[in-house]
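Here the structure is laid out as structure tokens; the discussion comes afterwards.
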Amino acid sequence: MYKWVISLAFYSIFILVFQVVYLASAADHYTRADFPADFIFGSATSAYQYEGAAFEDGRTPTIWDTYVHSANNNGATGDVTCDGYHKYKGDVKLMSETGLEALRFSISWSRLIPNGRGPVNPKGLQYYNNFIDELIKHGIQPHVTLYHVDLPQALEDEYGGWLSRKIVKDFRAYADVCFREFGDRVLYWTSINEANAAAIAGYEYGFIAPGHFPSSKVSSRNQTYVVGHNFLLAHSAIAKLYKNKYKATQKGYVGINIYAWGSVPHTNTREDIIATQRANDFFIGWLIDPLFFGDYPETVKMNAQTRIPAFTEYESKQVKGSVDFIGVNHYLTVSIMDRPITSDIITRGFDADKALWIIFDQGQPAPGEYPVMPSGLYGVLEYLKQTYGNPPIYIHENGQMTRRNGTLMDTSRVKYMHAYIGSMLDAMRNGSNTKGYFVWTFLDCLEILDGYESAFGLYYVDLDDKELKRYQKLSGKWYSNFLKGGNVISEPSKNAPFHLRSGFSQ
Ligand code: NOJ
């Protein structure tokens with residue numbers, strides 16, 4: 001069925017290899033060897049998006065299952081998706097052939113501990129043990145995320161999930177099982193995926209699970225801030241647990257992950273420059289400042305007033321210093337203006353009281369395709385370096401969304417990866433303490449934003465084939481060539497403007 005596509009793919013691979021060889025002598029190329037030997041390159045996935053087997057072997061539903069099975073959704077679910085639960089051995093083989101050095105994946109809480117609390121499910125335990133062993137057997141380092149939008153529905157029903165502080169105890173107990181069972185082989189632990197975006201998209205806009213729209217209701221407390229607060233408390237509880245109980249023997253690291261878009265002022269006016277700093281405070285500082293300084297940014301507290309929970313002294317101490325690294329998911333760059341001006345405006349800052357307007361700079365990509373703006377990544381890395389004292393950073397997700405149209409010749413994705421990896425290298429040469437890069441994603445899978453309409457994968461998965469056969473795309477070939485030491489051409493990335501945190505006041 002895909003024969004013609006495959007032969008075209010080989011043709012374009014030939015062209016690509018030719019270009020790589022021909023242009024390698026250009027001054028602006030880079031290779032794997034330009035990165036430190038202990039830098040890690042991999043790819044990323046998440047349990048609900050990859051595993052399938054949603055009702056098998058004791059797994060219970062999560063808020064994500066509930067959300068996609070509700071009327072809000074277009075019918076696309078993770079019931080089967082890539083069927084990684086059954087096909088992981090073949091996939092790890094493909095990962096190894098591609099040359100991945102690491103895989104970032106998440107554990108399904110409700111597969112390991114059905115209903116979120118209580119006894120461990122032996123089948124779930126066995127699956128993750130097998131999966132981790134298979135990765136290690138192939139020399140692929142496991143990086144584990146504990147929470148990726150898939151709260152056990154039972155905990156949502158019982159006490160409102162992340163809206164309640166009761167979650168901290170249950171999350172800690174779940175993490176304890178993971179550290180105890182897998183920590184002999186897993187050194188890199190991320191508590192929560194996209195903590196900022198999960199709170200905003202899940203509890204303010206409602207376009208991901210659990211799909212709450214509280215801002216349309218009169219509410220004295222904004223759910224988004226409450227969930228963010230509980231994310232931080234839960235994160236710091238497990239960081240403390242790891243430090244006290246496991247660190248000495250297992251010698252691993254615990255971090256958190258955020259979504260970070262590149263942000264630039266829409267104009268050079270003072271107002272837009274200040275608004276851009278405010279955007280960084282709201283999207284990055286809101287959850288990262290407490291981890292380094294023990295409290296929320298002043299701008300956020302000032303705007304949110306009593307709607308944002310205050311840290312007690314004890315909480316502040318526990319949260320401050322509780323990360324070994326920051327995980328960053330980066331895809332897009334936006335420009336920020338102080339107030340609405342045109343219909344270009346797509347969205348705004350989540351705090352309902354403050355006009356913080358955001359425009360997506362679309363450039364000229366094909367419809368539904370992410371534009372290539374690598375300076376945004378440079379800007380984010382520079383911002384984190386300057387603001388937080390250059391902490392270790394893992395780029396946990398970066399990759400290009402395109403339409404899921406069956407083509408294996410994803411030249412735009414090659415361009416995208418090429419440019420962003422080059423931009424990361426520029427940032428590292430400028431001192432950024434970035435330690436790893438993971439392409440989202442290895443296989444086309446269930447996409448959180450639109451089901452199976454779009455794709456990010458290095459491999460195409462034929463959903464019409466009973467066997468869900470995987471086909472390598474041009475981007476997979478390109479990444480493989482890079483990982484195996486081949487030359488690639490670096491698009492010279494321009495240094496992004498970035499915005500000093502201090503020096504502006506409102
Ligand atoms: C964000 C999420 O972590 C992941 O679940 C999603 O598929 C990708 N980035 C792309 O939108």
Side-chain angles (χ1 to χ4, degrees), residues 42-52 54 62-65 67-68 73-74 76-78 81-82 84 103-109 143-151 162 190-203 205 207-211 227 231 255-262 283-284 287 326-334 346-347 360 365 368-371 376-377 380 394-404 410 412-413 416-417 420 436-461 475:
S43 186
T45 180
S46 88
Y48 189 65
Q49 293 172 275
Y50 167 68
E51 288 175 6
T62 69
I63 57 173
W64 201 341
D65 294 78
Y67 184 78
V68 295
N73 190 44
N74 65 2
T77 75
T81 181
C82 300
L103 181 75
R104 171 186 182 244
F105 64 97
S106 73
I107 289 177
S108 162
W109 184 345
H143 287 233
V144 171
T145 302
L146 292 171
Y147 182 72
H148 198 119
V149 200
D150 52 355
L151 185 77
W162 290 105
T190 301
S191 55
I192 290 154
N193 178 65
E194 292 191 353
N196 53 351
I200 296 168
Y203 296 84
Y205 294 128
F207 63 80
I208 68 168
V227 167
F231 278 159
I256 197 167
N257 172 284
I258 55 155
Y259 181 92
W261 48 40
F283 290 104
I284 296 177
L287 294 182
I326 302 291
V328 170
N329 294 357
H330 174 84
Y331 292 93
L332 291 166
T333 293
V334 293
I346 298 177
T347 184
F360 287 88
E369 184 177 294
Y370 283 175
L377 177 59
V380 167
Y394 285 88
I395 297 171
H396 272 158
E397 289 184 26
N398 175 243
Q400 191 185 42
M401 174 194 265
T402 57
R403 294 295 84 198
R404 192 182 216 284
D410 53 344
S412 67
R413 183 167 292 107
Y416 184 101
M417 290 168 62
Y420 281 79
Y437 174 93
F438 297 81
V439 176
W440 184 270
T441 177
F442 192 66
L443 305 177
D444 286 348
C445 59
L446 175 79
E447 167 51 26
I448 196 166
L449 299 172
D450 60 12
Y452 298 99
E453 299 294 311
S454 66
F456 288 75
L458 301 173
Y459 280 74
Y460 174 78
V461 178
S475 55

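First listed ligand is number 1; within each ligand, the first listed atom is number 1. All residue numbers refer to positions in the sequence shown, counting from 1.
Look at Arg404 and Glu447 and you find no salt bridge, because none of the NZ, NE, NH1 or NH2 atoms lies under 4.0 Å from a carboxylate O. Under 4.0 Å is where a charged nitrogen must lie from a carboxylate oxygen, and between Asp410 and Arg403 no such pair does.
Ring-plane geometry between Tyr370 and Phe456 is classed as perpendicular, the angle between the planes exceeding 60 degrees on a 0 to 90 degree scale with a lower cut at 30. Ring geometry for His396 against Tyr394 counts as parallel: the plane angle stays under 30°, on a 0 to 90° scale with 60° as the upper cut.
When heavy-atom distances to ligand 1 are checked against a 4.0 Å cut-off, Thr441 has no atom that comes that close, whether in backbone or side chain. At a heavy-atom cutoff of 4.0 Å, ligand 1 is contacted by the side chain of Gln49 but not by its backbone. Contact annotation: for Phe456 versus ligand 1, heavy atoms closer than 4.0 Å belong to the side chain alone.
When only non-hydrogen protein atoms are considered, atom 11 (O) of ligand 1 lies nearest to Glu447 OE2, 2.7 Å. Of the protein's heavy atoms, Glu397 OE2, 2.7 Å lies nearest to atom 3 (O) of ligand 1.
Ligand 1 is approached by His148 to a heavy-atom distance shorter than 4.0 Å. Using 4.0 Å as the threshold, Tyr331 has a heavy atom nearer than that to some atom of ligand 1.
The shortest N or O to N or O distance between Trp64 and ligand 1 is not under 3.5 Å. Distances between N or O atoms of Tyr370 and those of ligand 1 include no value under 3.5 Å. Any N or O atom pair closer than 3.5 Å counts here, and Asn193 shares at least one such pair with ligand 1.
Taking the six-membered ring for Trp and the full ring otherwise, Trp162 and Tyr147 have centroids separated by under 6.0 Å.
Between Val439 and Met417 there is a side-chain heavy-atom pair separated by less than 4.5 Å.
Close approach of ligand 1 to Asn329 is summarised as follows: ligand atoms under 4.0 Å from at least one heavy atom of the residue are 3 (O).
Results of the side-chain hydrogen bond (donor to acceptor under 3.5 Å, both in side chains) test with Asn398 over Tyr331, Tyr437, Trp440 single out Tyr437 as the only residue that passes. Among the candidates Thr190, Asn329, Asn196, the single residue satisfying the side-chain hydrogen bond (donor to acceptor under 3.5 Å, both in side chains) test with Asn257 is Asn329.
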